[in-house]
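Step one of this worksheet: look at the structure below.
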Amino acid sequence: MNLEAIKSEIEANVPGCRLELIANPSPSGQHSLLLDAEHASAVALYLRDTPNLRFDFCSNITGIDWPGKEVSQKIKVRKLVDGVEQEVEETRITTIPGSLEVVYHLYSVEKKHGPIVLRMRTKDRDAGVHLPSFTPIWRSAELQEREIFDLFGVLFDGHPDLRRLLMWDEFQDYPMRRDYVDPDDYEYEPTAHDAVLQRARQHLSQANPVQPSEGEAR
Amino acid sequence: MSTATLAAASLNLEPANESGMDQLLEIAMGPQHPSTHGVFRMNVVLDGERVVRLKPVFGYLHRNHEKIAENETYLGSMPYTDRLDYMCPLTNNWAYALAVEKLAGIQVPERAEYLRVITGELTRLQNHTCLIGFLMQDMGASGTPLMYAFRQREIILDLFEALTGARMMCNYMRFGGCRVDLPAGWLDQAKKVVAGFPRFLDEYESLLVSNEILMDRTQDVGVLSKELAISAGISGPMARASGVDYDIRKVDHYSIYDRFAFRVPLGSHGDVYDRFMIRLLEMRESVNILQQAMRDIPEGPIVDPKTKIRGFRPKPGEAYGRIEGPKGELGFYLVSDGSPNPYRYRVRPPSLINLTILEDLCLGRNVADIVVILGSIDIVMGEVDR
Amino acid sequence: MVGEGILKGLAETARNFFGSYVSKDRLTTVQYPEQREPQIEATRDFPFLVYDGADWQQGMRCVACQICEKECPPKCIFIEKSKDKKPDAFGKMQIYPATFNIDISVCMSCQICVEVCPFDAIKMDVEYHQSSDDRFGALLLNKQRLSKSNEYYNAIHPTEASAVDAQRAEELAKLEAKAKAAAEVKAAAEAKAAADANPALNASPQQPAGDPQ
């Protein structure tokens, strides 16, 4: 199955949709299609219902967190320095906005082909974390989208029951995000070293800000 | 205060209609309920004995396996995969190794593929044996069928121990092969075990299959339609019991399954009885595959010599690898950014996704049927909660 | 006939019950502390450190390279390097672990430490009676508790240990041959030098004896 062909077929049949082919450099060769959020449901329905495609089995849904990055570039700029125009090297920092990505692996039980990999990206990682839910199209998305909401914080519009799946309901943060900070709840760790040891020390210093030697008997 | 009033006080009672004549009863089955195969809770709303609503509650065994794996080297995650579905560690190892091999483009030597098939099918045998034992236990056949199953399972676990060093936490597969070769005499022992397995299956079948109580409890209970099974991503024996002809061993042609002649049993009703029978039939097919594999296994290296154990860094990219695990489609999705740790590591847990339709199967049934339906789905909480 | 299936099943249980008096594979129960199942050779549980010879400090194979510490998935190994050196089994001066702790309440017996060790210094034990009422101290194994002799290793994993021993013997033989060849070359050169001119100092450098701990 040729992803290019599928892409042009979808573009011909779903008016207005913007697809982008994301190449995968690894030997697995599983290239993917980036969908735009507005037309994602229409594309998904097309993939599911077209007789020659029939991707009726949504096998796996994954969230991936891509935090924003700052890329510093050194560029040469012509500038007036002390009245003389000179070429000066400047560091320019460009910020690449982060996003949350959701990856779908679809197979066809009827045609026995696949996988086709779809991806969607949120606008940013704060307010714009909305994506359309595929649960009305494939029931198997129900628990997996709940899990992604739970661990990554993607809000799936149209999901019938978007609650936390694995963490408890009162939990605030999203643990699978790259910038998640573990709570400071340390047990005794006899072989602690490196990062663990540092955090254990930090925890101990916070727990006992006053060292016992400083007077009061504990 | 009597026990009954104490229990009633802690329950959330809500009237079903204005008159308050019919009262719905909300009870929490689990997380410590013995039938839930671990720590799993179902919030069940009952109208008398009938299930009106059922909401599964997950997460009691959640340790964020995926996050741990992202901070671990590729090899370092291998022993953690044993602990996902702890009933079948070897297939978990296999799926993970397969995904990494796809990601890095590693070839697996012939003998290692045979070793993987042999250990994988033995895993399927012991998983299905136990599952049937647990299912009978859930139905109230306490002890006997489960003990027979465990007796048989122990023989297979002894084989695992002799090969990998551990009964359950095997940590056996490596990227590009397997860790150790067969010890002396292992193959003969395994051949003996596999040759004796059909006799056990015959016994098990005559013990259970035509039992009228079992039929009453399971036939037309928890019927899953073919359409719902496909849409809900149900895989493995559970989907095949509903007539979905989808076996990844046949579809994906992964490893060397093309070389073996075996059939894929299919159910027609999609009820608990079909799911039970499918597993019995699948075990016979696994015995078939095992006999062929143990006859044909060649000599040779067991691991790809080019793959390093330490400092393994696949090139950037991503891969999804899946196998037909005993519980269904077990997949691993990996994203590499070129560092020694995976950037993203995702397990596609068949146990969790097969639970999607738990409520659909239980609606309108009696409380006692929930236990049977849940038992027939075959879940292991280590994999559901990860 | 209703009940036929149940009767069939009962016949099966009866066969198993009475069969257990004659057939050993139908009766698998073992009366645990008094009776034991035979040990399976490949069995592993927690790691231990192998030493050669009689003295555990002198013969310790570990050279504190800390590879196992880095590769250990749950990070249950803690190593501190020594300041001084001692000769290893091949006579080469090596540092040794001043501290080597394994927290077996964290260890998950995956044996990755064994796989990555280039010195055959860490191997898997079979001692599973580790329960204790001391949560921390008893489950934190120090260097002394971890050290076990090569004879013990040979006793618990004979096939694996003999392969390791053979490989080490081969390595040692190679090293000796190399040292011998080097010594011959050196002697020849010295003889030549002595013959050439005035007698030079030809004392070979003596290695100081290692002083572990």
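All chains are named by letter (A, B, ...) in the order of the sequence lines, taking the proteins before the strands, and each is independently numbered beginning at 1.
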Under 4.5 Å, heavy atom to heavy atom: which of residues 147-156 of chain A reach chain B? Give them by number, or say none.
A:E147, A:L151, A:F152
Working for ring-ring contact (aromatic ring centres under 6.0 Å, His included), residues A:Y107 and B:Y246:
CA-CA 11 Å; A:Y107 287 86; B:Y246 199 68; 7.2 Å; no
Close side-chain approach of A:R139 and B:D360, heavy atoms under 4.5 Å
yes
Are there more than 12 heavy atoms of other residues, nucleotides or ligands under 6.0 Å from atom CD of A:E38?
yes
Are any non-hydrogen side-chain atoms of A:L166 and B:D385 less than 4.5 angstrom apart?
yes
So, using ring pair (Phe, Tyr, Trp, His ring centres under 6.0 Å) as the criterion, who are the partners of B:Y60 when residues are at least two apart?
none
With a 4.5 angstrom heavy-atom cut-off, could you sort out which part of B:L228 is near chain A: side chain, backbone, both or neither?
side chain
Side chain, backbone, both or neither: which part of B:K250 has a heavy atom under 4.5 Å from chain A?
neither
Given heavy-atom pairs under 4.5 angstrom as the criterion, report whether the side chain, backbone, both or neither of B:D247 touches chain A.
neither
d(A:I64 CD1, B:Y333 OH) to nearest 0.5 Å is 4.0 Å
In chain order, what residues pass the side-chain hydrogen bond (donor to acceptor under 3.5 Å, both in side chains) check against A:T62, with sequence neighbours excluded?
A:N60
Which atoms of B:A239 approach chain A - backbone, side chain, both or neither, heavy atom under 4.5 Å:
neither
Name the region of B:E101, side chain, backbone, both or neither, that has any atom closer than 4.5 Å to a heavy atom of chain A.
neither
Interface residue of largest heavy-atom contact number with chain B, from A:A141, A:S32, A:P27, under 4.5 Å:
A:P27
Is it true that atom NZ of B:K226 has more than 12 heavy atoms of other residues, nucleotides or ligands lying nearer than 6.0 Å?
no
Please state whether the side chain, the backbone, both or neither of A:D56 comes within less than 4.5 Å of a heavy atom of chain B.
both
Please determine whether side-chain hydrogen bond (donor to acceptor under 3.5 Å, both in side chains) holds for the pair A:S59 and B:R322, giving the CA-CA distance in whole Å, both sets of side-chain angles, and the decisive distance to 0.1 Å.
CA-CA 10 Å; A:S59 163; B:R322 58 175 195 164; 4.7 Å; no
Just how far is it from atom CG of B:D337 to atom CH2 of A:W66, taken to the nearest 0.5 Å?
7.0 Å
If you count heavy-atom pairs within less than 4.5 Å of chain A, which of B:K102, B:R346, B:E329 leads?
B:R346
Residue from B:G233, B:G331, B:G321, B:S235 scoring the most non-hydrogen pairs under 4.5 Å with chain A is B:G233
Check A:R119 with B:E318, please: is the shortest side-chain N to carboxylate O separation under 4.0 Å?
yes
For B:Y343 versus A:R178, what's the shortest heavy-atom pair and its separation?
O-NH1, 2.8 Å
Side chain, backbone, both or neither of B:V384 within contact of chain A (heavy atoms, under 4.5 Å):
backbone
Could you walk me through whether A:V103 and B:V335 pass side chain to side chain contact (heavy atoms under 4.5 Å, CB included), step by step?
CA-CA 11 Å; A:V103 185; B:V335 180; over 6 Å; no
Heavy-atom pair with the smallest gap, counting every atom of B:N64 and A:P175
ND2-CB, 3.7 Å
The reported gap from SG in A:C58 to CD1 in B:I230 (rounded to nearest 0.5 angstrom) is 13.5 Å
Measure A:R163 against the heavy atoms of chain B and call it side chain, backbone, both or neither at under 4.5 Å.
side chain
Just verifying a value: how many Å separate B:T356 OG1 and A:R146 CZ, rounded to the nearest 0.5 Å?
10.0 Å
When only pairs under 4.5 Å are counted, which of A:E142, A:M176, A:K112 shares the most heavy-atom pairs with chain B?
A:M176
Note: B:G317 and A:S26 closest approach over all heavy atoms is CA-CB, 3.8 Å
Sorted by chain and number, sequence neighbours left out, side-chain hydrogen bond (donor to acceptor under 3.5 Å, both in side chains) with A:D179 holds for A:R125
Minimum side-chain heavy-atom gap A:L143-B:F58 below 4.5 Å:
yes
